[in-house]
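Below is one structure, written out as structure tokens, with a few remarks after it.
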Amino acid sequence: MYSIENYNRPETLMQAYKILSESRSNSIIAGGTFLKLGRRSIKTAVDLSNLKLSYIEKKGEFIEIGAMTSLREIETSVVLKQYYGNFFSDALCHIVGVQFKNSATAGAGVYSRYGFSDILTALYCINAKVVLYRTGEMNIQDFLAGAVRGDILEKIIIPAKKIRASYKSIRYSYCDFAVVNVAVCQTDGVFSITVGARPRRAAKAQIASDFITGNEKTMDNINKTAFMAAEELSFGSNNKASAEYRKTTAQVLIRRAIQEVAICR
Amino acid sequence: MQVKFTVNKKDCFCDVKPDELLSDTLRRLGFLSVKTGCDTGSCGICTVWLEEKPVLSCEMLTLKVQGKNITTIEGAQEEANILAQFLNAEGSIQCGYCSPGFLMTVIAMKRELKNPSEDDINRYLSGNLCRCTGYQSQLRGIKKYLELE
């Protein structure tokens with residue numbers, strides 16, 4: 001369990017950022033669900049609950065998801081289902097339970113860049129953008145690769161397009177962390193393949209994605225793409241699974257996800 | 001720090017530490033149905049409603065519920081008694097430790113889902129663990145409660 005010396009609930013993002021910047025020991029508090037598992041000593045907790053950052057709204061060609069939107073709201077969103085089918089609900093249905101997801105937020109799942117994160121793999125696959133208070137708007141790919149620290153995630157932006165997408169994962173029990181997770185989507189004929197819980201955070205198999213985009217969607221090519229993706233990405237071992245297991249399983253999940261996107265949906 | 005919220009439609013004023021958890025505060029206020037099981041957010045025993053939505057009180061800072069409405073099973077007794085009868089009829093309450101959290105989640109599910117399938121029920125209740133029953137007796141009782149059988 002973490003400890004907090006002071007607690008603050010600012011009314012504006014500017015106030016929140018000012019407090020956050022005052023000390024490296026200050027921290028944003030969202031749902032606090034994963035924070036609870038650690039023993040962090042927080043000098044001042046900055047609660048974003050008053051900033052009206054809980055929303056899922058279509059704005060023109062994009063859908064904006066506020067950072068404090070709960071994972072449950074995303075899982076059950078009619079707007080997201082309209083454009084993405086079961087993609088988000090498939091990505092989030094395994095996360096602990098309804099009560100947990102009513103507290104856990106999208107912003108925390110993205111900003112914390114957890115390796116096990118299901119939502120990160122899904123958002124990376126569909127080329128989401130993030131909007132940070134200080135840094136501004138950036139691609140999620142650049143955000144994951146960069147070293148943004150001490151900033152506040154305000155919202156996530158995804159395309160408002162009917163996108164064929166598939167999310168697959170393997171885990172030892174229904175609501176356990178994923179051993180490995182996979183997302184595949186096709187937008188305007190362009191494929192995107194991401195793999196997370198490697199156990200490192202989500203990464204894109206760009207070469208494999210380009211291959212299947214530029215070739216016929218035959219079973220041979222799908223199999224080849226899955227193999228290429230598994231070879232392209234790096235996998236590691238931990239107490240959940242070996243690197244070899246993750247790589248082999250990821251290949252199977254990628255093949256199934258591509259089949260769904262290319263053929264059935 | 002001072003915090004004001006309602007519990008079961010009654011105002012509560014508390015002095016709490018910044019890192020005090022809602023489960024501890026509620027028990028301190030006498031709502032002993034709220035228990036801590038795993039302390040990691042996995043078991044669902046500490047489930048209460050925050051603005052009618054089920055949440056884990058062992059994960060929630062008390063200060064986060066400033067101005068909000070909390071419901072424990074003490075405040076949902078009428079509906080909980082009805083549900084409990086269905087569960088009792090199937091022999092699905094043994095030690096009873098998981099029951100308050102379980103009942104709160106099932107009642108919330110009834111309000112949220114219309115005509116859920118067995119898979120929908122299992123998915124919704126995946127955050128509530130029971131060491132005693134194996135879940136089948138509970139599932140039978142819940143289906144009858146939801147008038148699905």
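First the proteins, then the strands, lettered A, B, ... as listed; each starts at 1.
Separating the OG atom in B:Ser42 from the CG atom in A:Leu37 is a distance of 7.5 Å, to the nearest 0.5 Å. Expressed to the nearest 0.5 Å, how far CD of A:Gln99 lies from OH of B:Tyr124 amounts to 7.5 Å.
Within a 6.0 Å radius of NZ in B:Lys17, other residues, nucleotides and ligands contribute 12 heavy atoms or fewer. When the shell of 6.0 Å around CZ of A:Arg113 is examined, it contains more than 12 heavy atoms from other residues, nucleotides or ligands. Heavy-atom contacts from other residues, nucleotides or ligands closer than 6.0 Å to CZ of A:Arg171 number more than 12. Around the NZ atom of B:Lys4, the shell of radius 6.0 Å holds no more than 12 heavy atoms that belong to other residues, nucleotides or ligands. For B:Lys35, the NZ atom counts as densely surrounded, since its 6.0 Å shell holds more than 12 non-hydrogen atoms of other residues, nucleotides or ligands. Open room surrounds CZ on A:Arg256; 12 or fewer heavy atoms of other groups in view lie less than 6.0 Å from it.
Of the possible polar contacts, one joining the A:Asn102 side chain to the B:Pro54 backbone as a donor-acceptor pair under 3.5 Å is found. Here the side chain of B:Arg123 pairs no donor or acceptor atom with the backbone of A:Gly97 at under 3.5 angstrom.
Of all heavy-atom pairs spanning A:Val96 and B:Gly41, the tightest one is CG1-O, 3.3 Å. In terms of heavy atoms, A:Tyr7 sits closest to B:Leu63 at CG-CD1, 3.5 Å.
Only the side chain of B:Leu21 comes within contact range of chain A, judged by heavy atoms closer than 4.5 Å. The contact between A:Thr33 and chain B is made by backbone and side chain atoms together, counting heavy-atom distances below 4.5 Å. Heavy-atom distances place no part of A:Ala104 under 4.5 Å from chain B, backbone and side chain included. Contacts between B:Leu125 and chain A at a heavy-atom distance below 4.5 Å are absent for every atom of the residue. The parts of B:Thr40 that come within reach of chain A are both its backbone and its side chain, each placing non-hydrogen atoms under 4.5 angstrom from that chain. With a 4.5 Å cut-off on non-hydrogen atoms, A:Phe100 touches chain B through its backbone and its side chain both.
Proximity of A:Lys36 to B:Asp39: side-chain heavy atoms (C-beta onward) are separated by under 4.5 Å at one or more points.
Heavy-atom pairs under 4.5 Å with chain A peak, among B:Lys64, B:Met1, B:Met104, at B:Lys64. Comparing A:Ser49, A:Ser103, A:Ser3 by heavy-atom pairs within less than 4.5 Å of chain B, the highest count is held by A:Ser3.
The side chain to side chain contact (heavy atoms under 4.5 Å, CB included) with B:Leu61 is formed by just one residue from the set A:Leu35, A:Ile29, A:Asp47; it is A:Ile29.
Of the charged side-chain nitrogens involved, at least one lies within less than 4.0 Å of a carboxylate oxygen, so that B:Glu112 and A:Arg72 count as a salt-bridged pair.
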